[in-house]
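Atoms within each ligand, like the ligands themselves, are counted from 1 in listed order.
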Amino acid sequence: MIPYPARARIDLTAIGDNLARVREVVGDRAVLAVVKADAYGHGRGPVAAAALEKADYLGVAQVGEALRLRAEVGPGPRILAWIYAPGYDLGEALAADVDLSVGAFWAIEAIRRATSLTGVQARLHLKVDTGMARGGFDPADLPAAAARLRELEAEGRVAVIGLWSHLARADEPDCGQTERQIAVFEEARAAASRAGLTPQLCHLAASGGAFWHPAARYDMVRPGIAMYGLSPNPAVATAQAMGLRPAMTLSADLIVDRDVPENTGISYGHTDVTAAPARLGVVPLGYADGIPRAASNRGPLVVGGMRTRIRGRVCMDQFVTEIPRACQAGDTAYLFGGGDLPTADDWAEAAQTIGYEIVSRLGARVPRSYHG
Ligand SMILES: *Cc1c(COP(=O)(O)O)cnc(C)c1O
């Protein structure tokens, strides 16, 4: 087998330590570890197993992800899934003991059908949109939704164990939006209670809410990015300042070394031309691997202990970088990781995106390995 010349090494101890840090911050709250999108590119199965040592719940977006996650973690651990579309057969999710979010009238009926067909009681988290115009019932519809769910509860078909929502601007601690959403959430709690529902788990906060909005912590928090050791918003606090450390280290073997004279055009479009003689290396990772083309000429690396950067445009499978004199093909180029390496948040800044996108878009063809 020809090995892939790049790899993402995942530090499972960092996953556990980051969750422990979240626990330290939120105190006596339950923690739902978010492992959607292949655990933000880190690999769902191994991350979920590590997370379960510190978390009470696992969360994924898609019902299909939840089914695969159940196969990976086995029976027992609680799993919440929150995205499915009209027409889905939700019976498999019920049979797999997956908690479902319910945030639309069509979803209530889809769940009712699935409970009839399977005879399995559905564990539900009632979702209300408190100010994001995304998923969940409009607050105005909540009384009717809660009343319908209460009927189904009385028939023994469902158990509404959660009431939840999501914050639009938790990563901007001073903007006032989170306080407004908390106020709407409080009204939703009252409406659910008036309808006779008794959800045991109220939850509103992802990483940003968990760290920066104590009043949003309720019974459970849902950290994703913090568990992976990145900041929801490095302009508010870097991951390091939050007591987190990156779980993923991305590196590759240089496949080319070459010395070039001044005035050498580099990569497609010659968007960079050397001003002086330079020593260049080629890194076998490109935009098909999730290296943003927007990081062309900017993405930071460490090669041979020296901080350097991409030169020229990122190509589909490779890019050019400047390397130290002593470096050659076969040496390792580090793109991001912990310690003194650039972070995925640094790459996000170089590509004008967020760290979430840097790690979660890492291509499937880059092998992941695990330690810790
Ligand atoms: C992705 C997601 C999270 C985790 O968000 P982070 O900002 O990564 O902590 C939590 N809750 C929901 C509903 C999500 O979609």
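- The protein heavy-atom contact nearest to atom 5 (O) of ligand 1 is A206 CB, 3.3 Å.
- Atom numbering of ligand 1 starts at 1 in the shown order; those under 4.0 Å from a heavy atom of I225 are 6 (P), 8 (O), 9 (O).
- For M316, the CE atom counts as loosely surrounded, since its 6.0 Å shell holds 12 or fewer non-hydrogen atoms of other residues, nucleotides or ligands.
- Note: W106 and Y84 meet the aromatic proximity criterion, with ring centroids under 6.0 Å apart.
- Any N or O atom pair closer than 3.5 Å counts here, and P223 shares no such pair with ligand 1.
- A salt bridge between R325 and D259 is present, with a side-chain N of the basic residue lying under 4.0 Å from a carboxylate O of the acidic one.
- Close approach of ligand 1 to W82 (heavy-atom distance below 4.0 Å) involves ligand atoms 12 (C), 13 (C), 14 (C), 15 (O).
- The residue from W164, F211, Y356 that puts a heavy atom closest to atom 13 (C) of ligand 1 is W164.
- An N or O contact shorter than 3.5 Å links S207 to ligand 1 by distance.
- Within the structure, the closest approach of A226 to ligand 1 does not fall below 4.0 Å when heavy atoms are considered.
- Scanning the protein for heavy atoms near atom 2 (C) of ligand 1, the closest one is K36 NZ, 2.5 Å.
- The aromatic rings of W347 and F319 sit tilted relative to each other, their planes meeting at an angle between 30° and 60°.
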Practice item. Show your working on salt bridge (charged side-chain N to carboxylate O under 4.0 Å, His left out) between E151 and R148 and close with a plain yes or no. Key: CA-CA 5 Å; E151 279 170 19; R148 178 68 180 131; 2.7 Å; yes

Practice item. Report the C-alpha distance between D56 and R78 in whole Å, list the side-chain angles of each, state the deciding distance to 0.1 Å, and finish with yes or no for salt bridge (charged side-chain N to carboxylate O under 4.0 Å, His left out). Key: CA-CA 7 Å; D56 308 283; R78 302 279 8 126; over 6 Å; no

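- For the ligand labelled ligand 1, residue Y228 lies outside the 4.0 Å heavy-atom shell.
- At a heavy-atom distance under 4.0 Å, atoms from both the backbone and the side chain of R222 approach ligand 1.
- Residue contact check: Y40 has heavy atoms under 4.0 Å from atoms 1 (C), 4 (C), 5 (O), 6 (P), 8 (O) of ligand 1.
- Near H166, meaning under 4.0 Å from any of its heavy atoms, are these atoms of ligand 1: 10 (C), 11 (N), 12 (C), 13 (C), 14 (C).
- Heavy-atom neighbours of Q240 CD from other residues, nucleotides or ligands within 6.0 Å: at or below the threshold of 12.
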Review point. Should D317 and R365 be marked as a salt bridge (charged side-chain N to carboxylate O under 4.0 Å, His left out) after you check the CA-CA gap, both sets of side-chain angles, and the distance that decides it?
Key: CA-CA 11 Å; D317 314 292; R365 74 177 168 176; 2.7 Å; yes

